[in-house]
Amino acid sequence: QVQLVESGGGLVQAGGSLRLSCAASGSIFSINAMGWYRQAPGKQRELVGTITSGGRTNYVDSVLGRFTISRDNAKNTVYLEMNSLKPEDTAVYYCNALAGLTMKDYWGQGTQVTVSS
């Protein structure tokens with residue numbers, strides 16, 4: 001089992017920045033990759049980006065160049081640095097981990113990010 005706890009959401013003006021954190025605990029040795037997803041009101045949850053156990057990152061086009069995913073292995077924490085935020089980035093952001101041979105999904109509880117215009 002893997003537990004994920006997000007933090008760092010809040011209200012920010014357009015053009016501002018926020019950093020989200022996702023602390024992992026439990027069977028962290030089994031984690032293959034982690035990612036950030038977001039879900040805006042009335043929309044489906046969408047992938048923001050991922051980071052592999054080796055540190056390779058991948059991003060959706062809409063955040064490329066503005067968002068950065070990083071990890072601190074000593075703290076078992078993954079970060080989502082968000083810059084040049086836009087109102088359309090407003091959503092609940094979820095941390096995700098894929099773990100074990102079956103690539104089982106684990107999710108955090110989500111953290112709200114609101115960008116005002």
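Note that the coordinates shown come from a computational prediction; the quantities given were computed from them, not determined experimentally. Residue indices begin at 1 and follow the sequence shown.
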Verify the distance criterion only: is there a donor paired with an acceptor across the side chains of Glu88 and Thr90 at less than 3.5 Å?
no
For Gly100 and Asn32 the tightest heavy-atom approach is O-ND2, 3.0 Å
Residue pairs meeting ring pair (Phe, Tyr, Trp, His ring centres under 6.0 Å), one or both in residues 38-71, sequence neighbours left out, come to none
Tightest non-hydrogen contact, residues Met34 and Cys22, listed as CE-SG, 3.8 Å
Query - Asn96/Asp105 under side-chain contact (heavy atoms from CB on, under 4.5 Å): CA gap, chis, key distance, verdict - result: CA-CA 7 Å; Asn96 170 268; Asp105 271 307; 2.8 Å; yes
Heavy atoms of Gly9 and Leu20 approach each other most closely as N-CD2, 3.5 Å
Kindly confirm or rule out a cation-pi arrangement of Arg38 over Tyr93, judged by NZ or CZ under 6.0 Å from the six-membered ring centre and within 45° of its axis?
no
OG1 (Thr111) and CH2 (Trp36) are apart, to the nearest 0.5 Å, by 7.5 Å
Residues passing the salt bridge (charged side-chain N to carboxylate O under 4.0 Å, His left out) test with Arg45, sequence neighbours excluded, are none
Interatomic distance, CD1@Ile69 vs SG@Cys95, rounded to 0.5 Å, equals 9.0 Å
### Query
Do we see a donor-acceptor contact under 3.5 Å between the side chains of Arg71 and Asn73?
yes
Heavy-atom closest pair (Met82 atom, Leu85 atom, distance to 0.1 Å) is CB-CD2, 3.8 Å
Heavy-atom count around Leu64 CG within 6.0 Å, excluding the residue itself: above 12? yes
Practice item. Measure the shortest side-chain to side-chain distance between Gln44 and Gln39 over non-hydrogen atoms and say whether it is less than 4.5 angstrom. Key: no
Scanning both residues in full, the closest heavy-atom pair of Val2 with Ser30 reads CG2-OG, 4.1 Å
| Donor-acceptor pair, side chain of Thr77 and main chain of Lys75, under 3.5 angstrom | yes
Is there side-chain contact between Asp72 and Tyr79, with heavy atoms separated by less than 4.5 Å? yes
Check whether any side-chain heavy atom of Arg66 lies under 4.5 Å from a side-chain heavy atom of Asp89, and answer yes or no. yes
Cluster membership besides Tyr37, Ile/Leu/Val/Met/Phe/Trp/Tyr side chains within less than 4.5 angstrom, sorted by chain and number, is Leu47, Val92, Tyr94, Trp107
Flag side-chain contact, heavy atom, 4.5 Å: Ile51 against Val78: yes
Item to check | Side chain Glu6, main chain Gln109, donor-acceptor under 3.5 Å | outcome: yes
> Under 3.5 Å, is there a donor-acceptor pair between the Asn83 and Ser17 side chains?
Replying inline: yes
### Query
Heavy atoms, side chains only, cut-off 4.5 Å: are Lys104 and Gln1 in contact?
yes
Nearest heavy-atom approach of Ala24 to Ile31 is CB-CD1, 4.1 Å
